[in-house]
Participant: 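Before anything else, here's the structure in question.
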Amino acid sequence: MREFSEKLKRGLEIAEKRMLKEKALRGQDVIVCDENNNIRRIPAEEVISKNPIFQ
């Protein structure tokens with residue numbers, strides 16, 4: 001079960017990274033919820049630049 005969970009987590013990370021790169025190439029925004037539970041639109045490029053896991 002642990003191995004499956006790790007594979008699933010890694011697959012989701014890869015999919016998110018690909019989605020962000022595609023949106024950044026198109027100049028699109030992503031919808032996020034901030035730490036105060038406010039919904040915001042942020043350029044995909046900004047999300048990538050502020051989160052080292054997407055580099």
Participant: Would you say Val30 and Leu25 are hydrophobically clustered, going by side-chain heavy atoms of ILVMFWY under 4.5 Å?
Facilitator: no
Participant: Please enumerate all residues that pass side-chain hydrogen bond (donor to acceptor under 3.5 Å, both in side chains) together with Gln28, with sequence neighbours excluded.
Facilitator: none
Participant: Look up atom NZ in Lys23 and atom CG in Asp29, then write down how far apart they are to the nearest 0.5 Å.
Facilitator: 8.0 Å
Participant: Donor-acceptor pairs under 3.5 angstrom involving side-chain atoms of residues 35-52: please list them, not counting sequence neighbours.
Facilitator:
unit_1	atom_1	unit_2	atom_2	d
Glu46	OE2	Lys50	NZ	3.1
Ser49	OG	Glu45	O	3.3
Ser49	OG	Glu46	O	3.0
Asn51	ND2	Val47	O	2.8

Participant: Which atom pairs, one a donor and one an acceptor, fall under 3.5 Å between side chains of residues 4-12 and the rest of the protein, sequence neighbours left out?
Facilitator:
unit_1	atom_1	unit_2	atom_2	d
Ser5	OG	Met1	O	3.2
Lys7	NZ	Glu3	OE2	3.3

Participant: Taking all heavy atoms of Phe54 and all of Lys17, pick out the closest pair and write down the distance.
Facilitator: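 Minimum heavy-atom contact is O-CE, 3.6 Å.
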Participant: Once rounded to the nearest 0.5 Å, what's the spacing between atom CD of Glu16 and atom CD1 of Ile14?
Facilitator: 11.5 Å
